[in-house]
Chemist: 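A single structure is presented below for examination.
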Amino acid sequence: MAGHPSPPTPLPILGEGGETEHGLRTPKYATRNTQYVVRSTEHALGMTVDAARTEEHPMSEIAQEMDIQLEVESQEELELARMRHSAAHVMAQAVLEMFPDAKLAIGPAIENGFYYDFDLPRSLTPDDLGKIEERMREIRAAAYPFVRKEIAREEALAMFADQPYKLEIIHDLPEDAVISTYTHDGFTDLCRGPHVADTSQIGHFKLLNVAGAYWRGDEKRPMLQRIYGTSWRSEEELAAYLHRLEEAQRRDHRRLGRELDLFSVSEEIGAGLILWHPKGALIRHLIERFETDEHLKRGYQLVYTPHIASAEIYKRSGHLETYQENMYAPMDIDGTPYYLKPMNCPGHIMIYNSHVRSYRDLPIRLAELGTVYRYERSGTLHGMLRVRGFTQDDAHIFCRPDQLHGEIMGVLDLAMFFARVFGYEYKAFLATRPEKSIGSDENWERATATLAAALRDMGMAYAMDPGAGAFYGPKIDIKFLDSLGREWTGPTIQVDFNLPERFDVSYVGEDGERHRAVMIHRTVLGSMERFVGGLIEHFAGAFPVWLAPVQAEIIPIADRHLPYAQQVAARLVEAGLRAEVDDSSDRMQAKIRRAQLQRVPYMLVVGDKEAEAEAVAVRLRTNENLGPMPLADFIALAREMNDTKSLALTRDAS
RNA sequence: GCCGAUGUAGCUCAGCUGGCAGAGCAGGUGUUUCGUAAACACCAGGUCGUCGGUUCGAAUCCGACCAUCGGCUCCA
């Protein structure tokens, strides 16, 4: 099976709908947001990701091309998108009435709603949104019909003569394109459609926010004002969506990070640099320990490499050519510039190259929890999800070409194992050669085919992500889907042709000759920062027992129960559990409340009865009350949940 | 980096058009000893993001910078 990658398997998860199961948008920085929106829109149109991507449309264009001519996978989705797209038109009318000089850009339907980009004489205020919304309601009430009209190119150019963005769109349309307009209540927009019959059908909507957005997503083009709105079939669905937005806010890792005392960012230390507090650090440590052990079991070897390195190595690796804008300025050490490391690869390669390697030594899998520093533009920083210093669970696999397939399968297996432990669903993407890339066509094709074959042999459905590979090789991106159905950066597996050449990474074959080794870059969790940030939101702060910083809060009812409470704590600690006694002078109710807010899995209430019977009254953070049980039984339960890394708090719970 | 908004006590937020900085929660002390999500009282806590300007007087007006938030672009 050489030559071409197999055709993409349709991705079942996309079949669930562009909207996630719960209708929530993926958090910013969790994964490539724009791509997500594109996918959703593509899906609403029934296009495959492949088809949309190969045409290399910028997101805005794809999103704009709502066209009934496209094959639609689900009638329901088409109708939703149509409704939302129509709402965008109605919004544009309202804005144009308010600002007669407004220049209109584009206004597509997106996941859960719509937006429209405008070039306006002044900045919009939240007040304006209210007015626009009000006017939209009037337009909806009037039930103006949407009228489609196909027009000649010249006519279109004349009609939109004072709308420069529309003119640009018309100019960019292919010669034979059908140009159509949609008109309602005297407002006409260049649009391929489709639309609902009249403005009464634009759904129950709410305008959410105003944001800046570059024309055509290009930072060199004008900055427009984008109004985001959401629209739903019924008032109830709208209310439910707004409620889900609030729920997502309640889980925001930045908020929970503070409330649960997991991490902070200090302006004095610097933006984008995470301070891990004891509880956050404990969670990270537990994950790292688990992950490290698992890697050792799977034949990886641990290494450590320095945080700074001479410019020489980054010259040779090509980082100074292709990655310098992400690297911090060098420091001078005895006349030689040294850089903070932005990646771990060069160090691992140096370790590989420290010996002559035989084909019998391969594969060599070098793993490091490697801390790297990358310059990120100030506007992009976001809690733990987008930072300037982070620790990757990085590894580089050096192998023979004939081992590549098996090694990739091994990484995929590891990735699926981790997804299961943390309770994530996932979906896979195969990213192929970008325009700016190096290496021979043959290498690219072979590597891409190998990745595709490994995915297939692991029985993993995947979608193509054309042109999204690294410049040095294709990759598999796996997205974790959290409990709200949102996407998070997950494992990535990259095949690299570049560095093995640059560093002459080789092995001696059976034939006694030197051969070029194949190199795989891979990370399973991504970075500890982003992964833990995502985990906080995934679990809404209620970590499974094995990760909970405090597993059991012991709550004495009165001070006279303190000695027994201490005794219980000692027994738990002895059993390897993390327990804490609430010895404050608060009432029991307040202690329970505090433990609840801290998402402590088990609350052990101890009073006279328990002290006498050497028991604990077990309350779960789910508000379930298990009642009194012998201390030994509780220890057995908690240990079992801990040791099996169960996502549940009790044996029978799911 | 760009567009817009915001920055007052550890947290959430008041403080109208310039005139002595406030509340609740958290914290400390004391009282209370209580059976499954907040007992009561008292106390302490702030260079109002930073720097500069206007003014008799600035948390409040102006400017620059820093940080954060919502997006764009980019990414682990």
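Residue numbers begin at 1 in each chain, while the letters A, B, ... track the order of the sequences.
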Chemist: Are A:Phe390 and B:A76 stacked, counting the six-membered base ring, centres under 5.5 Å, planes under 30°?
Modeler: yes
Chemist: Examine the side chains of A:Trp488 and A:Glu537 and answer whether a donor and an acceptor come within less than 3.5 Å of each other.
Modeler: no
Chemist: Which one, B:C72, B:U36, B:A37, comes nearest to the side chain of A:Asn623?
Modeler: B:A37
Chemist: In whole angstrom, give the distance that lies between atom CG of A:Leu224 and atom C1' of B:C72.
Modeler: 10 Å
Chemist: Counting heavy atoms from C-beta on, name the nucleotide in B:A37, B:G4, B:C34 closest to the side chain of A:Arg560.
Modeler: B:C34
Chemist: Within the modelled atom types, does a donor on one side and an acceptor on the other bring the side chain of A:Arg587 and the base of B:U33 under 3.5 Å apart?
Modeler: no
Chemist: Going by modelled atom types, is there a donor-acceptor pair between the base of B:C74 and the side chain of A:Arg386 at under 3.5 Å?
Modeler: yes
Chemist: Name the closest nucleotide to the A:Ser527 side chain, picking from B:A76, B:G35, B:G70.
Modeler: B:A76
Chemist: Quick check: any donor-acceptor pair below 3.5 Å linking the side-chain of A:Glu610 to the base of B:G35?
Modeler: yes
Chemist: If you only use heavy atoms from C-beta on, which nucleotide in B:G70, B:A39, B:A67 is closest to the side chain of A:Glu267?
Modeler: B:A67
Chemist: Base of B:C75, side chain of A:Arg530 - is there a donor-acceptor contact under 3.5 Å?
Modeler: yes
Chemist: Spell out yes or no: do the side chain of A:Tyr115 and the base of B:G71 have one donor N/O and one acceptor N/O closer than 3.5 Å?
Modeler: no
Chemist: Quick check for you: among B:C2, B:A37, B:G70, whose closest atom lies nearest to any side-chain atom of A:Tyr214?
Modeler: B:C2
Chemist: Using the ring-ring contact (aromatic ring centres under 6.0 Å, His included) rule, pick out the option among A:Tyr424, A:Tyr426, A:Phe290, A:Phe531 that qualifies with A:Phe418.
Modeler: A:Phe290
Chemist: Closest approach to the side chain of A:Arg593, judged atom by atom: which nucleotide of B:A76, B:A38, B:G70 is it?
Modeler: B:A38
Chemist: Consider only side-chain N and O atoms of A:Asp393 and A:Thr523, and report whether a donor and an acceptor are under 3.5 Å apart.
Modeler: yes
Chemist: Counting side-chain heavy atoms from C-beta on, which of B:A76, B:C3, B:G1 comes nearest to A:Arg374?
Modeler: B:A76
Chemist: Compare the minimum distances between each of B:U33, B:A76, B:G35 and the side chain of A:Glu376, then state the nucleotide with the smallest one.
Modeler: B:A76
Chemist: Could you report the tightest heavy-atom contact between A:Arg530 and A:Leu385, atom names first, then the distance?
Modeler: NE-O, 2.7 Å
Chemist: So what does A:Ala595 hit on the nucleic acid, given a heavy-atom distance under 4.0 Å: a base, only sugar-phosphate, or nothing?
Modeler: nothing
